[in-house]
**Q** 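Here you go, one structure.
Counting convention: from 1, in listed order, for ligands and their atoms alike.
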Amino acid sequence: MNEFGLIARYFDWPAPAGWLGVGDDAALVPLTADRELAVSVDMMIEGRHFFADADPGCLARKALAVNLSDMAAMGAEPKWFTLSLALPEIDVDWLGSFSLGLREMADEYGVVLVGGDTTRGPLAISIQIAGEVPAGQALLRSGGKPGDDVWVSGPLGAAAAAVMHRLGRVELPPKLRGQCEIRLDLPVPRVQLGVRLRGLASAALDISDGLVADLGHICERSGCGAEIMLPEVPYPRELDCLPETLLEEAILAGGDDYELCFTAPAASRSRIEALGLDLGMALARIGSLTEGDGVRVCREDGLRLELARAGFDHFS
Ligand code: ADP
Ligand code: MG
């Protein structure tokens, strides 16, 4: 059983009519006739998501960023969050930097810390976030249709390359290493883009497990397949120094970039391009949804690429 099989077997409980339960980037709960509450939670554990010596200010920013990213993926406006902390000891320097980083990030995105829980234990950080979206306008994973374009909001692979370096799988030159580590340690949640994609995108999610795996979630929930054109998938050209298989793995199976992947009817192309210009973002059209199921990746020569691993799974 993998991570998703486990959730499906034990926790995929039916939600009341008009709610959206387990299976998307956030749950949706009706608030008023015209507003819905979007709720999501993400946990970061030492040794699993970060190393023991990680900078506490960065950790705080990232813990909030990955939650803001789930709001972005829903097209929701983030409003407030709660913070659960397990700490091995009271370290005032650590706590000072952590709370400052958290405060700065919260202020930047206009979200308010309204509660939490603190306990002693191995270092773990869990943030639950809530946002609002006009009723019926959230971006779901399930709205894609065969023929829709598949888009990503920016270059992929840098964060995965930083992980590869930290694990000793590659040796990045110092400048590139710095560039990749910023993407890994300080992901930028695409909140504004998410909000602006309401009414434009047919489906969306944030890429946290890898493009192929995450697009696979859109396919499953939308009841279709997808074809990605590898040469169209944006990545930092500096990564061309990686061996080809590692480069492909970083781009297609690397999580942690927290770009959005979204689909939209071909008729929306010019509006999406205009939106990209307006936001100063290089939105890239990388393929399309198809009939059938599963995600296929095509190389330039038209040949299909077989991936050794599609994405990150905590239990595989
Ligand atoms: P994301 O990558 O957007 O954070 P995940 O891949 O972690 O989403 O989770 C997939 C879906 O399963 C989400 O809708 C999430 O809310 C749900 N989920 C994960 N773990 C549990 C759990 N223990 N109980 C209920 N739902 C869960
Ligand atoms: Mg998500």
**Q** Taking just the N, O or S atoms of Asp25, which one is nearest to the Mg ion (ligand 2)?
**A**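 Output for this pair reads OD1.
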
**Q** Mind checking ring pair (Phe, Tyr, Trp, His ring centres under 6.0 Å) for Phe98 and listing every partner two or more places apart, or none if nothing turns up?
**A**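 Only Trp94 meet the ring pair (Phe, Tyr, Trp, His ring centres under 6.0 Å) criterion with Phe98.
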
**Q** For atom CZ of Arg103, decide whether the heavy atoms of other residues, nucleotides or ligands shown that lie under 6.0 angstrom number more than 12.
**A**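 Atom CZ in Arg103 is not packed in, count stays at 12 or less.
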
**Q** Mind checking the CG-OG spacing from Asp42 to Ser69? Nearest 0.5 Å is all I need.
**A**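 The CG atom of Asp42 sits 8.5 Å away from the OG atom of Ser69.
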
**Q** Is the NZ or CZ atom of Arg237 both under 6.0 Å from the centre of the six-membered ring of Tyr235 and within 45° of that ring's axis?
**A**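 Satisfied, under 6.0 Å and within 45°.
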
**Q** How is the N/O/S atom of Asp70 that comes nearest to the Mg ion (ligand 2) named?
**A**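 Asp70's closest N, O or S atom to the Mg ion (ligand 2) is named OD1.
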
**Q** Tell me the residues surrounding ligand 1, counting only those with a heavy atom closer than 4.0 angstrom, sorted by chain and number.
**A**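 Residues near ligand 1: Phe4, Ile7, Phe11, Val22, Gly23, Asp24, Asp25, Asp42, Asp70, Arg141, Ser208.
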
**Q** Of all heavy-atom pairs between Ser126 and Val41, which one has the smallest distance, and what is that distance?
**A**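 Shortest heavy-atom separation between Ser126 and Val41 comes out as OG-CG2, 3.6 Å.
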
**Q** Are more than 12 heavy atoms from other residues, nucleotides or ligands located less than 6.0 Å from atom CD of Gln137?
**A**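 Check passes, neighbour count above 12.
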
**Q** Please give the atom name: the N, O or S atom of Asp206 nearest to the Mg ion (ligand 2).
**A**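 That would be atom OD1.
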
**Q** Should Asp185 and Lys62 count as an ion pair when the cut-off is N to O under 4.0 Å?
**A**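 Salt bridge between Asp185 and Lys62, a charged N being under 4.0 Å from a carboxylate O: no.
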
**Q** Does atom CE (Met281) have a neighbourhood of more than 12 heavy atoms from anything else shown, all under 6.0 Å?
**A**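 More than 12 heavy atoms, drawn from other residues, nucleotides or ligands, come within 6.0 Å of this atom.
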
**Q** Taking 2.8 Å as the cut-off, does an N/O/S atom of Asp214 lie below it from the Mg ion (ligand 2)?
**A**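 For Asp214, the answer is no, given that no N, O or S atom comes within less than 2.8 Å of the Mg ion (ligand 2).
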
